[in-house]
*Asks:* 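Have a look at the structure that comes next, please.
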Protein chains: 2
Amino acid sequence: MSSPIKLDQTDRKILNILQKHAKITNAQLSKDIDLSPAPTLERVKKLENSGIIESYHAKLNGHLLGLNIYAFVSVKLKNYNKKSHNSFISKIEDIDEVIESHSVTGKGDYLLKVVAKDVSAYEDVVRDRISAIDDVSSLESMVILSTSKDSKVIPVP
Amino acid sequence: MSSPIKLDQTDRKILNILQKHAKITNAQLSKDIDLSPAPTLERVKKLENSGIIESYHAKLNGHLLGLNIYAFVSVKLKNYNKKSHNSFISKIEDIDEVIESHSVTGKGDYLLKVVAKDVSAYEDVVRDRISAIDDVSSLESMVILSTSKDSKVIPVP
DNA sequence: TCTGAAACAGTTGCAAG
DNA sequence: CTTGCAACTGTTTCAGA
């Protein structure tokens, strides 16, 4: 288990700003945290090198791209051995429409997040690609009707 | 309903690259898509201005920050009127540990994504903050044991 | 660890093909 | 669209406090 890395209040400010708005310039970031550009840059690099900042991503608007169905799919497997899990995970990896896959406690074994352009395309993904994996026993769809929060910001302790 | 915006293959390449690696320089991006810097920049601006690119975010490593519990929580409400939904949504908005909230079809009414530093902090959030909302009838936790895919990349049609 | 300044790299806008 | 170039903006390094 890795122990949490020590951060001061300035580091926390940096992380909160970059989670919300990664494209800020170093010059602007330094103003927002009341520091000069040089040490600001150094702190950002340190956060990147330590692995606390993993990566930077553009968030797209799915609707404008014609992706109108978002859903969570709860999956139960037939068997609980390591081979079955690994087999399932590697097949899920290849399905671009599955954008998240988590092993979870509760009634299902995996919870997937799936995106598709319409109900018909969604049906294709669920029936022809996910159900088609032998390791899968049953599925339950939770189609997203609306999203009220998708903050992309985890609370820095 | 908004109709999908027309994109050519070059725009799609840009979107795929920026979803994975938002911090790329315009100069490097232009090389990757075999175009010169000027029109590359113009395309990126167009994608931003059209709203297809919504925002840019730093992805943090929760474990290194001491956030060790991630979970989905399925929530059922007591009532299905608009007032009850709005009340629930606005209260959820204030809980930083709830990083996603989606209204969904299926057994539950909402599916939340929650993060906490340990099981005890998770219990506090679920019991003292989410269950405490009057509109909530019942909850079901699906704690994430492991995540095999979290691509941050939606498939551009 | 910070400041301030100087040197460098990348972006942005524009003209001509 | 491309190339090329200038002006600008932001990054990065470094000596000194």
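Note that this is a predicted model, so its numbers are computed, not measured. The sequence lines fix the lettering, A, B, ..., with proteins before strands; numbering per chain opens at 1.
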*Asks:* Whole angstrom is fine here: how far is it from CG in A/Asp8 over to C1' in C/dC2?
*Replies:*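 Whole-Å distance recorded here is 13 Å.
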
*Asks:* Determine the sole option in A/His85, A/Glu100, A/Lys76, A/His102 for which the side chain to side chain donor-acceptor pair (under 3.5 Å) test with A/Tyr110 is passed.
*Replies:*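 One option only clears the test, and that one is A/His85.
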
*Asks:* Between A/Lys107 and A/Glu140, does any side-chain N to carboxylate O distance fall below 4.0 Å?
*Replies:*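 Answer for the salt bridge query: no.
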
*Asks:* Take atom NZ of A/Lys31 and atom P of C/dG4, then tell me their distance rounded to the nearest Å.
*Replies:*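 Those two atoms, NZ and P, are 14 Å apart.
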
*Asks:* Please determine if a side-chain N or O atom of B/Ser36 lies less than 4.0 Å away from the OP1 or OP2 oxygen of D/dT2.
*Replies:*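 True: B/Ser36 side-chain N/O within range (under 4.0 Å) of D/dT2 OP1/OP2.
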
*Asks:* Check this one for me: any side-chain N or O of A/Lys46 less than 4.0 Å away from OP1 or OP2 of C/dT1?
*Replies:*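 Yes, A/Lys46 has a side-chain N/O under 4.0 Å of OP1/OP2 on C/dT1.
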
*Asks:* If only side-chain N and O atoms of A/Arg43 are considered, is one of them under 4.0 Å from the OP1 or OP2 phosphate oxygen of C/dT1?
*Replies:*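 For C/dT1, OP1/OP2 do not have a side-chain N/O of A/Arg43 under 4.0 Å.
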
*Asks:* Of the options C/dT12, D/dC1, C/dT3, whose atoms approach the side-chain atoms of B/Pro39 most closely?
*Replies:*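 Out of C/dT12, D/dC1, C/dT3, the nucleotide with an atom closest to B/Pro39's side chain is D/dC1.
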
*Asks:* Just the rounded figure in Å: distance from P of C/dA15 to CD of B/Glu42.
*Replies:*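 After rounding, the reported distance stands at 15 Å.
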
*Asks:* Separation of A/Leu41 atom CG from C/dT3 atom P, in whole Å?
*Replies:*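 After rounding, the gap between these two atoms is 14 Å.
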
*Asks:* Output yes when B/Lys152 and B/Asp150 qualify as a salt bridge under the 4.0 Å nitrogen-oxygen rule, no when they do not.
*Replies:*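 A salt bridge links B/Lys152 with B/Asp150.
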
*Asks:* Return the value, rounded to whole Å, for the distance between atom CG of B/Asn26 and atom C1' of C/dT11.
*Replies:*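 Result: 7 Å.
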
*Asks:* Could you pick out which residue, A/Gln28 or A/Ala38, lies toward the 5' side of DNA chain D when each is mapped onto its nearest nucleotide?
*Replies:*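 Going by which nucleotide is closer to the 5' end, it is A/Gln28.
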
*Asks:* When you measure from the side chain of A/Leu35, which nucleotide among D/dT12, C/dT11, C/dT3 comes out closest?
*Replies:*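 Within the option list, the nearest is C/dT3.
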
*Asks:* Any salt bridge between A/Arg43 and A/Asp11, counting N to O under 4.0 Å?
*Replies:*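 Between A/Asp11 and A/Arg43 there is a salt bridge, with a charged N closer than 4.0 Å to a carboxylate O.
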
*Asks:* Using atom CD1 of A/Ile33 as one end and atom C1' of C/dC2 as the other, report the distance to the nearest whole Å.
*Replies:*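 Roughly 12 Å, once rounded to whole Å.
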
